[in-house]
Amino acid sequence: MRLSSEPARTHQPEPAPQQRLRDGGPGAPWRRAVAELAEEVRGWRFRAGALLRASRPVPAADPLAWLEGNPGEPRCYWRSREGGLTLAGLGAAVRLEAGSAAEQRQLLQRLHALADGRDELAFFGGFAFDDARADGRWRGFPAALALLPSIELRREPEGCRLSAHLLAETAEAFERRRERLLAALEGLAPPAETAAPPAPGAIRVVARRDDLDHGRCRERIEAILERIAAGELHKAVLAREVELRFDAPLPAFATLRRWQQASRGSFCFAIEQGGQVFMGCSPERLFHREGGSVHTESLAGTVRRGATAAEDARLERSLHSDPKLVREHAWVTRFIRDELEPWASASDAGAEAGTLKLDRIQHRHLPIRATLKAGVGDGELLAALHPTPAVCGFPRRRARELITRYEAFERGWYSGVVGVVTPRSSELAVAIRSALVAGDRAWCYSGVGIVEGSDPDAEWRELEAKIEAFLTAVQG
Ligand SMILES: C=C(O[C@H]1C=CC=C(C(=O)O)[C@@H]1O)C(=O)O
Ligand SMILES: [Mg+2]
């Protein structure tokens, strides 16, 4: 596992939005807060290994629009599903990295040791689907990564805060990092006076490469169904990759802003590494831990939204009556309950699945709550729950073997885990409905759960529906 505190500066900045704060007016409180923050940073004294933080309230701002206006340092972004917490980060005061899935748990333990019970420290975390190679297109996205941004803009119901962080092991590194932090604060673009609506995308797709077409998808699903019929496994999730080329670099954060606007009820996230941005709007929570209690959920089984209220209700009824959809979801519920059991002193799930309605599709959804045994934390929860049968299958090992055989691409962070970790509370989402953006190219992903009764044509339509939101956000 590696710990480093040097923010990388390797990528091409994307164009900043036009609207800038003018002198005077509502910009004055922002500038005052930044000046005070810089003053406090200047006053910091070196203490080996001490994680320093300064923080000031700032006027209300849209953190995603603010990130768009501040290229130049690696950026990260998180908005919780209910919108209660939005975090935007620039640079990295701390970067923890691990190269294998087996070390994901240790990385979280290391993070908690560094945070040392300070609830105000919020780390961005990202975990690959599996033992990622972190090369090729997934360069910069290792099996596990945690970042504490150098500069953070946080929005909560109580208001917005701007914060700065620094960690150094030697006096020399401390001076160097402080100078960089001060320069970054100096060059910080303020949020726009009003967050302009994201402009329609002026970018055109000039080439598209699908790893699966309808025919090949049908063949693979039929092969998986044969394995299921032979009793080798109950469920496998088959995913696809679509590569797009554009006529100009895709502004990743502006695209995410459009995607987010069309993704009510989703966790929205982005992490920029080496000039590439992994981002998405996922409806699925892996877990939300508050102290010793945890909220998780099983989410699987998909139908589209109806064009009218009556059609929508009819489709929703089928979500709860179709045996294939019920089965597809039931394997996820069973897995989560079984995996949680050794770690929980009590758990409780509703008897009946509900519906999570998104803009274009709806899912079967069952919230599950548990009280954790003493000493059980994020590392144990991640190792137990990830990957669930919503993205992998059941039993897990057999499903992994089929995924390796039938998917010809590296999943990387798609169907991995992303979120925010603090000592008191952590929230991690399953990184589906996601894409990797690299200059004028992007790869987007979707997957479907194959169980007994799966109809290959319906699964193909589901795969198509799940990438539509991204394709629309790109085109504006
Ligand atoms: C794997 C994905 O979705 C999962 C989550 C919800 C519903 C699913 C389904 O109905 O197949 C999938 O299990 C994806 O969108 O890439
Ligand atoms: Mg499905």
Side-chain angles (χ1 to χ4, degrees), residues 81 129-130 211-212 217 221 224-225 228 234-242 259 263 265-267 278-286 296-305 315-316 318-320 322-336 353-366 385-394 396 399-400 402-403 406-407 409 411-418 429-436 443-471:
R81 186 162 64 189
F129 170 68
D130 219 330
D211 78 314
L212 277 185
C217 178
I221 291 176
I224 294 171
L225 285 170
I228 291 172
H234 296 289
K235 175 172 180 180
V237 177
L238 179 71
R240 74 189 292 202
E241 180 186 70
V242 178
W259 195 355
S263 304
S266 295
F267 300 93
F278 176 68
M279 64 189 201
C281 293
S282 165
E284 186 171 359
R285 167 182 285 153
L286 186 70
T296 173
E297 65 192 22
S298 66
L299 185 92
T302 308
V303 293
R304 63 179 174 81
R305 297 296 306 269
L315 287 162
E316 185 179 358
S318 73
L319 193 57
H320 296 288
D322 181 330
K324 178 263 169 181
L325 295 169
V326 172
R327 193 176 300 128
E328 183 181 352
H329 181 229
W331 289 117
V332 186
T333 307
R334 174 177 161 179
F335 171 91
I336 292 177
T355 308
L356 188 75
K357 286 185 185 277
L358 304 171
D359 278 20
R360 293 153 192 269
I361 54 181
Q362 36 190 334
H363 297 300
R364 287 178 64 88
H365 175 244
L366 184 72
L385 295 177
H386 173 64
T388 75
V391 292
C392 183
F394 191 90
R396 189 141 81 175
R400 270 203 175 106
L402 281 196
I403 288 171
Y406 291 117
E407 289 178 9
F409 64 92
R411 281 197 185 189
W413 280 28
Y414 159 69
S415 70
V417 175
V418 288
V430 181
I432 51 173
R433 319 293 147 82
S434 53
L436 179 68
W443 295 267
C444 62
Y445 300 90
S446 62
V448 282
I450 309 301
V451 292
E452 182 198 335
S454 277
D455 165 22
D457 297 331
E459 299 296 358
W460 174 253
R461 285 194 295 276
E462 188 175 320
L463 281 170
E464 292 277 82
K466 283 174 175 168
I467 54 167
E468 234 177 69
F470 174 69
L471 297 178

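The chain is numbered in sequence order, starting from 1. As the structure lists them, so they are numbered: ligands from 1, and atoms in each ligand from 1.
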Considering only N, O or S atoms of Glu328, the one closest to the Mg ion (ligand 2): OE2

In terms of atom number and element, which parts of ligand 1 are under 4.0 angstrom from non-hydrogen atoms of Thr302? 7 (C), 8 (C), 9 (C), 10 (O)

Do any nitrogen or oxygen atoms of Leu299 come within less than 3.5 Å of a nitrogen or oxygen of ligand 1? no

Report, in ascending order of atom number, the atoms of ligand 1 lying under 4.0 Å from any heavy atom of His363. 6 (C), 7 (C)

Any ion pair linking Glu316 and Lys357 (charged N to carboxylate O, less than 4.0 Å)? yes

Just which atoms of ligand 1 are under 4.0 Å from any heavy atom in Glu284? 5 (C)

Ligand 1 versus Tyr414: contacting region, heavy-atom distance under 4.0 Å: side chain

Side chains of Val448 and Glu328 in contact at under 4.5 Å (non-hydrogen atoms): no

So which heavy atom on Phe335 is nearest to which on Thr388, and how close? CE2-CA, 3.8 Å

In Glu462, the N, O or S atom nearest to the Mg ion (ligand 2) is which? OE2

Which atoms of ligand 1 are found less than 4.0 Å from any heavy atom of Val448? 11 (O)

Within a strict 4.5 Å, meaning less than it, do heavy atoms of the Arg240 and Ser446 side chains meet? yes

So that I can tick it off, tell me whether Arg81 and Glu297 are bridged by a salt bridge, with the cut-off set at under 4.0 angstrom between side-chain N and carboxylate O. yes

What are the two closest heavy atoms between His329 and Ser298, and how far apart are they? NE2-OG, 2.8 Å

Close N or O approach (Gly447, ligand 1; < 3.5 Å): yes

Are Ser266 and Leu358 packed together at the side-chain level, in the sense that at least one heavy-atom pair is separated by less than 4.5 angstrom? yes

Which of the ligand 1 atoms, numbered from 1, are nearer than 4.0 Å to a heavy atom of Glu462: 9 (C), 10 (O), 11 (O)

Nearest non-hydrogen contact to atom 6 (C) of ligand 1 from the set Glu328, His329, Arg433, Arg364 belongs to Arg433

Using a 4.0 Å heavy-atom cut-off, which part of Ile432 comes near ligand 1: side chain, backbone, both, or neither? side chain

Tell me whether the rings of Phe129 and His386 are parallel (<30°), tilted (30 to 60°) or perpendicular (>60°). perpendicular

Ionic contact status for Glu459 with Lys324, cut-off 4.0 Å: yes

So do the side chains of Lys466 and Ile432 get within less than 4.5 Å of each other, counting heavy atoms only? no

Can you name the atoms of ligand 1, numbered from 1 with element, that are less than 4.0 Å from a heavy atom of Ser446? 16 (O)

Non-hydrogen atoms of Ser415 versus ligand 1: any pair closer than 4.0 Å? no

Heavy-atom contacts with Gly449 under 4.0 Å: which atoms of ligand 1 show up? List them by number with element. 11 (O)

